[in-house]
Amino acid sequence: MRSETPSGPSDDTAPGDGLVRAGAIVFIIGAVATLVTVAPLFLGAEPFPPVAYAVCMLMGVGFLVAGAGVLRSIGAQRRQARAATQTR
């Protein structure tokens with residue numbers, strides 16, 4: 001049975017893993033920026049300048065980068081499966 005399972009890279013990292021990790025980090029930075037930017041609105045303090053709200057957009061950018069990593073990983077797995085079925 002083990003010989004039928006296609007073997008992956010030896011270090012167990014898929015092609016899109018780096019993008020997913022980077023996207024998660026950027027997403028977390030954007031989420032923290034969103035919390036920091038919205039907090040003064042609830043605390044009755046002076047709101048931050050509009051540039052601070054632009055940093056909140058990193059949340060969406062991180063989501064897109066992570067999604068691109070997932071799509072890249074899916075593509076690599078499909079190519080690997082297609083190559084495994086053609087060799088039989």
Side-chain angles (χ1 to χ4, degrees):
M1 281 290 193
R2 181 142 173 97
S3 63
E4 294 177 13
T5 304
S7 62
S10 60
D11 57 357
D12 292 336
T13 58
D17 285 352
L19 284 173
V20 172
R21 286 188 191 112
I25 291 169
V26 172
F27 181 87
I28 289 171
I29 292 169
V32 169
T34 301
L35 290 174
V36 169
T37 305
V38 174
L41 300 175
F42 291 113
L43 300 175
E46 189 69 27
F48 287 107
V51 175
Y53 291 97
V55 177
C56 298
M57 297 298 166
L58 288 177
M59 210 160 66
V61 171
F63 186 76
L64 289 175
V65 170
V70 169
L71 291 177
R72 185 172 181 206
S73 178
I74 289 170
Q77 289 177 4
R78 290 182 75 186
R79 283 189 297 275
Q80 184 180 13
R82 191 176 298 129
T85 58
Q86 289 177 353
T87 59
R88 288 183 186 182

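When reading the values below, keep in mind they use all heavy atoms of this one structure, side chains included, and skip hydrogens, waters and symmetry mates.
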Establish whether Phe48 and Met57 are linked, either directly or via other cluster members, by ILVMFWY side-chain heavy-atom contacts under 4.5 Å.
-> no
Taking side chain to side chain contact (heavy atoms under 4.5 Å, CB included) as the test, write out the residues that go with Val65, two or more places apart.
-> Leu19, Val61
In terms of hydrophobic clusters joined by side-chain contacts under 4.5 Å, are Phe63 and Met59 together?
-> yes
Residues that, via side-chain heavy atoms closer than 4.5 angstrom, fall in one hydrophobic cluster with Leu35 = none
Check whether any side-chain heavy atom of Leu58 lies under 4.5 Å from a side-chain heavy atom of Val55, and answer yes or no.
-> yes
Applying side chain to side chain contact (heavy atoms under 4.5 Å, CB included), name anything that partners Ala76, two or more places apart in sequence or on another chain.
-> Pro15, Arg79
N/O donor-acceptor pair under 3.5 Å between Ser73 side chain and Gly69 backbone | no
Atom of Glu46, atom of Pro40 and distance for their closest heavy-atom approach = O-CB, 3.7 Å
Please check if Ile74 and Val20 belong to a single hydrophobic cluster, counting links between Ile, Leu, Val, Met, Phe, Trp and Tyr side chain heavy atoms closer than 4.5 Å.
-> yes
